[in-house]
Amino acid sequence: MRRAEGPHFWATLAGASLLFGMGAGGITNAVRAAPTASVSINTELVRTALKLRLPKTAIGAIDCGRFGGLCEVVAGTTLFYVDRGARFLMIGRLYDMETRSDLTAARLLELNPDLLLAGAAGKRDDANDQPAPTPAKAARVDLSVLPTGGAIHWGPVNGPRLIILSDFACSYCRHLSAELVKLGARVEERPISIFGPESRRKAEAVLCAADPPAALHAAYDGRPLPVAAKCDVAGLDANEAFAKQHGFSGTPVIIRADGAVLEGFRPAEQLKAFIDGGKA
């Protein structure tokens with residue numbers, strides 16, 4: 001894949017502080033004069049300022065509507081962030097401290113899922129320093145040992161079946177759920193508590209909810225979970241014992257109906273190949 005940023009990108013950024021100090025005042029002032037509501041930000045003004053200050057960088061999408069006063073800028077397969085005047089630039093990871101998720105890693109996966117498969121999407125999943133899922137050679141497990149409890153079933157009943165070991169605090173699992181929707185899979189999701197007590201609390205709340213599939217998607221979306229009555233959560237213990245038995249220390253884990261296993265995020269087209277028996 002062509003990397004639009006190339007050597008010029010980093011060379012330009014190395015000298016960017018000089019340009020930022022000088023200003024292009026008319027452009028900066030025009031952007032700053034724009035209303036602060038995200039729906040009113042004119043990203044073309046931001047783009048114009050960036051073209052002036054980073055002339056050798058190919059600027060892709062610009063999003064000023066999701067991160068407070070920051071604008072996300074896509075340059076090839078690279079992300080960086082600027083203020084709405086395009087004067088200050090930040091290179092690094094952006095975290096959402098409420099959902100405890102790595103927004104930069106999640107966005108990089110959207111831009112190029114192959115980065116994760118190649119181990120280049122980052123070494124950490126979120127602020128808990130959970131190692132990113134690493135693809136493993138397909139193995140087979142015996143699904144018959146898993147109890148009926150401990151699973152949330154969602155997706156079309158006639159869709160291809162996949163069993164997913166997941167954690168609701170795992171950003172890769174959240175992105176996988178979107179790919180499973182695209183695929184039209186019939187999902188048997190089995191939570192395991194990779195991130196500790198808070199993950200277990202969420203898993204119990206989802207499992208015991210009046211509508212577990214709706215609660216599952218609410219958990220991934222970061223929405224509040226309804227207070228649920230107590231229910232039998234022994235199946236969650238069985239999920240974790242199963243994961244430990246097979247050495248699954250990260251999430252997601254994707255298991256085909258015949259017990260074949262893949263570890264780590266996969267986009268919908270690779271999931272389809274896996275279901276069809278090919279290599280994902």
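These numbers were taken from a predicted model, which means no experiment stands behind them.
- Among all heavy-atom pairs drawn from Y220 and C170, the shortest one is CE2-O, 4.4 Å.
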Kindly indicate, with the supporting measurements, whether the criterion side-chain contact (heavy atoms from CB on, under 4.5 Å) is fulfilled by V233 and D237.
CA-CA 7 Å; V233 295; D237 296 329; 5.6 Å; no

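- For the atom pair CG of N42 and CD1 of I62, the computed distance is 10.0 Å after rounding to the nearest 0.5 Å.
- For E188 (side chain) and A151 (main-chain N/O), no donor-acceptor pair under 3.5 Å exists by modelled atom type.
- R190 contributes no side-chain N or O that, together with a main-chain N or O of I163, makes up a donor-acceptor pair within less than 3.5 Å.
- Side chains of L79 and V74 form a contact here, defined as non-hydrogen atoms less than 4.5 Å apart.
- Counting heavy atoms from C-beta on, the side chains of R266 and E179 never come closer than 4.5 Å.
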side-chain contact (heavy atoms from CB on, under 4.5 Å) evaluation trace for L89 with V73
CA-CA 10 Å; L89 181 149; V73 182; over 6 Å; no

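- When the options K202, R200, R201 are evaluated for a side-chain hydrogen bond (donor to acceptor under 3.5 Å, both in side chains) with E204, the one that passes is R200.
- Annotation: the span from I275 atom CD1 to D258 atom CG amounts to 11.0 Å, rounded to 0.5 Å.
- Residues A49 and G85 approach most closely at CB-O, 4.4 Å, considering heavy atoms.
- Every residue meeting the ring-ring contact (aromatic ring centres under 6.0 Å, His included) condition with F242, not counting sequence neighbours, appears here in chain and number order: H246.
- Here the straight-line distance linking atom CG of L54 with atom NZ of K56 works out to 11.5 Å at 0.5 Å rounding.
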Given the rule in the side-chain contact (heavy atoms from CB on, under 4.5 Å) test, do V261 and I254 qualify, once you have shown the distances and angles that lead to the verdict?
CA-CA 6 Å; V261 175; I254 305 163; over 6 Å; no

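- Hydrophobic clustering (ILVMFWY, side-chain heavy atoms < 4.5 Å, transitive): V145 and V253 are in one cluster.
- Using modelled atom types, no side-chain atom of D63 and backbone atom of E72 make a donor-acceptor pair closer than 3.5 Å.
- Put simply, the side chain of D167 never gets that close to the backbone of S199: no donor and acceptor are under 3.5 Å apart.
- Considering only heavy atoms from C-beta on, V46 comes within 4.5 Å of C64 through its side chain.
- In this structure a side-chain-to-backbone donor-acceptor pair under 3.5 Å is present from R256 to F274.
- The nearest pair of heavy atoms linking S249 to I194 is O-CD1, 3.4 Å.
- Using a 4.5 Å heavy-atom cutoff, the side chains of F168 and L225 are not in contact.
- Note that CG of L236 is 7.0 Å distant from OG of S193, once rounded to the nearest 0.5 Å.
- The existence of a salt bridge linking D83 and R87 is excluded, since no basic side-chain nitrogen approaches an acidic carboxylate oxygen closer than 4.0 Å.
- The structure places CG of L94 at 4.5 Å from OH of Y81, a figure rounded to the nearest 0.5 Å.
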side-chain contact (heavy atoms from CB on, under 4.5 Å), that's the test. Do L271 and L262 meet it? Break it down for me.
CA-CA 10 Å; L271 292 173; L262 286 176; 5.7 Å; no

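- Put simply, the side chain of R161 never gets that close to the backbone of R186: no donor and acceptor are under 3.5 Å apart.
- Side-chain N or O atoms of R47 include one that pairs as donor or acceptor with a backbone N or O of G60 at under 3.5 Å.
- Of all the heavy atoms in V206 and A215, the pair that sits closest is CG2-O, 3.8 Å.
- If you take CG on L207 and CG on L216, they are separated by 10.5 Å, rounding to the nearest 0.5 Å.
- Minimum interatomic distance between N239 and P191 (heavy atoms only, all atoms of both residues): ND2-O, 3.3 Å.
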